[in-house]
Protein chains: 4
Amino acid sequence: MKLSEKKILKKKEQILLSAITIVNRRGYDGATMEEIAAEMLMTKGSLYYYFKNKGDLMYQCHKLVLAQATQELEEELQGEGTAEEILRKMVATHINYAVEEKETFNMIIEPKQMFNPEQIEPVLKLRKHYASLFDQVIEKGVSTGEFHVEEPIIVRMIILGAMNWIQQWYRATGRLAKEELKQHFAEYIIKLLK
Amino acid sequence: MKLSEKKILKKKEQILLSAITIVNRRGYDGATMEEIAAEMLMTKGSLYYYFKNKGDLMYQCHKLVLAQATQELEEELQGEGTAEEILRKMVATHINYAVEEKETFNMIIEPKQMFNPEQIEPVLKLRKHYASLFDQVIEKGVSTGEFHVEEPIIVRMIILGAMNWIQQWYRATGRLAKEELKQHFAEYIIKLLK
Amino acid sequence: MKLSEKKILKKKEQILLSAITIVNRRGYDGATMEEIAAEMLMTKGSLYYYFKNKGDLMYQCHKLVLAQATQELEEELQGEGTAEEILRKMVATHINYAVEEKETFNMIIEPKQMFNPEQIEPVLKLRKHYASLFDQVIEKGVSTGEFHVEEPIIVRMIILGAMNWIQQWYRATGRLAKEELKQHFAEYIIKLLK
Amino acid sequence: MKLSEKKILKKKEQILLSAITIVNRRGYDGATMEEIAAEMLMTKGSLYYYFKNKGDLMYQCHKLVLAQATQELEEELQGEGTAEEILRKMVATHINYAVEEKETFNMIIEPKQMFNPEQIEPVLKLRKHYASLFDQVIEKGVSTGEFHVEEPIIVRMIILGAMNWIQQWYRATGRLAKEELKQHFAEYIIKLLK
DNA sequence: AATGAATGAGGGTTCATTCAT
DNA sequence: TATGAATGAACCCTCATTCAT
């Protein structure tokens with residue numbers, strides 16, 4: 001890859017990070033190209049040098065965030081340990097995202113009328129893949145006899161939903177410490193699986 | 001209350017129902033005053049006779065749906081039966097709303113992005129009250145010895161999160177029938193509580 | 001037709017006339033919704049109350065002008081007189097448009113990338129119809145023995161082209177008087193046909 | 001002239017040829033600097049090394065095509081043959097340009113809308129000169145007794161108008177072959193002059 | 001109580017143009 | 001010479017909102 005290509009990729013990523021900030025603050029619809037550009041100290045028009053249109057930019061935001069989280073989970077999934085141990089790590093990671101990068105991670109929620117028809121498929125694929133990582137750890141636990149699950153898909157959805165919901169109510173200043181939270185969640189999730 | 005006032009209230013409710021239909025179809029941002037009016041066979045301008053502005057209309061949509069759901073839950077809560085039986089009914093009701101009303105029931109939506117500052121507080125209050133109904137049934141189960149819960153708040157959040165998440169992936173045409181879904185969810189939720 | 005519908009039609013036509021003025025001054029691309037609106041002492045957005053989009057407005061401009069000219073020719077065509085007499089009138093009318101309403105009539109030229117696929121067909125139809133009026137008078141002359149034409153289509157195109165070209169060079173202040181012009185053109189056109 | 005200057009001139013001409021291709025495909029407004037540059041495997045910015053701005057480039061396109069056509073006509077005009085023979089050749093040449101080069105040769109276009117004030121005069125001069133070549137062949141025919149024309153200017157305008165109009169309706173795929181077209185046009189034009 | 005009509009702010013997008021490198 | 005990157009003006013279009021009738 002040529003230097004110039006690398007440079008452009010870097011800039012694209014910077015823009016994406018800015019965009020993610022704005023999108024999480026305003027929502028997909030509320031985010032304007034103007035504000036995203038301003039965050040980068042650029043003008044609206046310049047964004048179109050890097051992205052075809054708003055839809056494309058939004059899509060890539062979603063993709064980036066999802067890809068980051070996905071990668072972390074994949075590493076944990078391939079690590080050592082019992083299914084329970086791995087799952088605990090994954091839960092911690094997911095909650096970490098939800099709580100620490102709150103806004104960013106919020107993007108896992110709701111694409112819908114934001115994406116072009118040709119983008120929707122990849123988005124759904126990514127999401128499916130992300131979810132499947134939890135399927136895998138569940139499956140692993142079942143095969144080792146650690147877990148007993150009759151409806152693995154349902155259980156996975158319960159787990160994901162419960163965790164994603166955290167962003168709605170968790171406040172860093174609240175009564176519950178983050179670590180405590182992870183513990184409790186992991187505990188109940190394990191309970192669900194045993 | 002005068003007759004004319006009653007008539008206005010009735011009309012307001014009709015508009016709300018139309019608006020709910022549109023919002024559920026297009027989302028809060030996607031819903032236009034034009035389309036909502038068209039659904040009522042009115043013109044845009046007329047809506048402003050009944051509602052201060054779009055924000056107000058959207059807010060009342062959310063409120064109405066939430067109030068309806070709340071009422072249903074309250075009736076179930078005051079009905080006969082064991083805590084488990086009641087909870088099963090409540091789960092079914094909640095899932096029904098989440099799946100059927102989708103957008104207007106959407107409790108995952110950040111209220112800050114959708115509603116005016118003066119509306120946010122009432123919304124949060126309603127949501128809090130709604131959530132408390134689940135606290136009550138859990139508490140009842142604990143007091144009767146049906147449930148054993150060490151962290152009732154955490155468990156309630158898991159339950160609500162799991163159920164709210166359903167709208168993200170449930171499709172009426174999908175593999176899972178709604179009734180089946182309710183069954184499974186109830187099962188796992190009970191498991192969490194025992 | 002209700003009064004309100006009549007009123008809206010009238011307004012539409014007024015807008016069209018303004019738009020025609022602007023379009024003839026700036027060309028299809030050069031004409032902006034802003035300037036058209038300003039000509040009407042309206043704001044941009046109001047135009048969209050009457051027309052779906054710019055393409056629609058442009059299309060209707062073209063249609064209106066063409067329809068006006070068409071009607072005049074049709075009346076002449078159905079009048080009394082020999083083919084030659086009728087043709088002379090038609091030539092005079094066409095040249096009148098070209099010279100007097102210069103800019104407006106200029107619209108007969110060039111649609112191309114201005115119209116939506118669904119509009120192109122009607123446009124072509126209208127143009128074809130307009131041209132066919134000249135075909136008819138030629139045919140009439142041939143059938144009465146006044147004219148002798150082996151390639152009526154070619155001749156018609158020569159006639160139309162020659163007349164449309166007038167707008168490019170005719171200036172009211174120029175050496176040639178308009179009436180003289182019509183005479184000469186008619187003379188040569190008749191010569192072509194005999 | 002230095003070598004480097006020659007090189008620049010060559011490049012300029014190459015760019016013009018590319019630009020002509022694009023303009024003929026998209027029209028003056030539709031042609032973008034981006035697409036013209038792409039056709040040359042260059043980037044937008046580079047064009048500005050060779051041309052002051054888009055207007056300049058468009059102007060030179062028109063000029064180049066007009067100059068080429070002019071030269072061809074001049075050669076034909078100075079060649080052997082009767083006035084009729086020469087005129088037939090000139091008609092064929094003109095029609096060729098009108099059909100093949102379409103937009104850039106388009107003499108129907110209002111120069112005012114396309115070109116800068118300082119470019120308009122040269123354009124009009126070129127066009128006038130181009131037209132005069134037809135005057136010359138008519139004059140020649142009159143002086144040799146081949147033609148009998150009472151209003152040579154009018155006739156020349158009819159001829160030019162008829163031919164320029166061709167681009168408005170001629171389609172390569174249409175019913176009429178180009179060669180046939182030339183024949184017919186020449187025939188009728190001669191008829192006009194005899 | 002309702003409407004028709006207009007408004008105006010703002011958003012997405014395009015593109016000629018510039019300029020440091 | 002050429003390019004990459006950025007700019008900014010202009011344009012089309014949408015839509016919540018207003019207000020006289």
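Note that the structure is predicted; figures quoted are calculated from it, not measured. In what follows, chains are A, B, ... by sequence order, proteins preceding strands, each numbered from 1.
- Counting to the nearest Å, the C1' atom of F:dA6 and the CE atom of A:Met42 are 7 Å from each other.
- Taking atom CD of A:Glu5 as the reference point, atom P of F:dT3 lies 15 Å away to the nearest angstrom.
- Counting heavy atoms of neighbouring residues, nucleotides and ligands inside a 6.0 Å radius, atom CD of B:Gln14 exceeds 12 of them.
- Evaluation of the side chain to side chain donor-acceptor pair (under 3.5 Å) rule for D:Ser18 yields no partner, not counting sequence neighbours.
- A search for side chain to side chain donor-acceptor pair (under 3.5 Å) contacts involving A:Asp56 returns A:Gln60, not counting sequence neighbours.
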Protein and nucleotides 10-14 of chain F: nitrogen or oxygen contacts under 3.5 angstrom:
from	atom 1	to	atom 2	distance (Å)
F:dC12	OP1	C:Lys54	NZ	3.0
F:dC12	OP2	C:Met33	N	3.1
F:dC12	N4	C:Lys44	NZ	3.1
F:dC13	OP2	C:Tyr48	OH	2.9
F:dC13	OP2	C:Lys54	N	2.7
F:dC13	N4	C:Lys44	NZ	3.0

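- The salt bridge (charged side-chain N to carboxylate O under 4.0 Å, His left out) test applied to D:Glu100 returns D:Lys178, not counting sequence neighbours.
- In DNA chain F, runs of at least 3 stacked Watson-Crick or G-U pairs (N1-N3 plus N6-O4 or O6-N4, or N1-O2 plus O6-N3, all under 3.5 Å) give these stems: E:2-21 with F:2-21.
- Taking atom CG of residue A:Leu41 and atom P of nucleotide F:dA6, one finds them 11 Å apart after rounding to whole Å.
- With sequence neighbours excluded, no residue satisfies side chain to side chain donor-acceptor pair (under 3.5 Å) with B:Thr21.
- For B:Phe105 and B:His62, the ring centers sit 6.0 Å or farther from each other.
- In this structure, B:Leu47 places its CG atom 9 Å from P of E:dT3, rounding to the nearest Å.
- Checking the phosphate oxygens (OP1, OP2) of F:dA6, a side-chain nitrogen or oxygen of A:Lys11 falls inside 4.0 Å.
- For A:Ile15 and F:dG4, the CD1 to P distance is 16 Å, given to the nearest whole Å.
- When each of A:Ser46 and D:Ser46 is assigned the nucleotide of DNA chain E bearing its nearest heavy atom, the one mapping closer to the 5' terminus is A:Ser46.
- Annotation: side chain to side chain donor-acceptor pair (under 3.5 Å) contacts of C:Tyr50 (sequence neighbours excluded): none.
- In this structure, D:Phe51 atom CZ and E:dT17 atom P are separated by 13 Å, rounded to whole Å.
- Counting only residues at least two apart or on different chains, no salt bridge (Lys or Arg N to Asp or Glu O under 4.0 Å) pair has a member in residues 7-21 of chain B.
- The residue C:Tyr50 sits close only to the backbone: its heavy atoms come under 4.0 Å of sugar-phosphate atoms, none of a base.
- Atom NZ of B:Lys12 is separated from atom P of E:dA1 by 11 Å (rounded to the nearest Å).
- Taking B:Glu39 as the reference, nothing meets the salt bridge (charged side-chain N to carboxylate O under 4.0 Å, His left out) condition, with sequence neighbours excluded.
- In this structure, C:Met40 places its CE atom 15 Å from C1' of E:dT7, rounding to the nearest Å.
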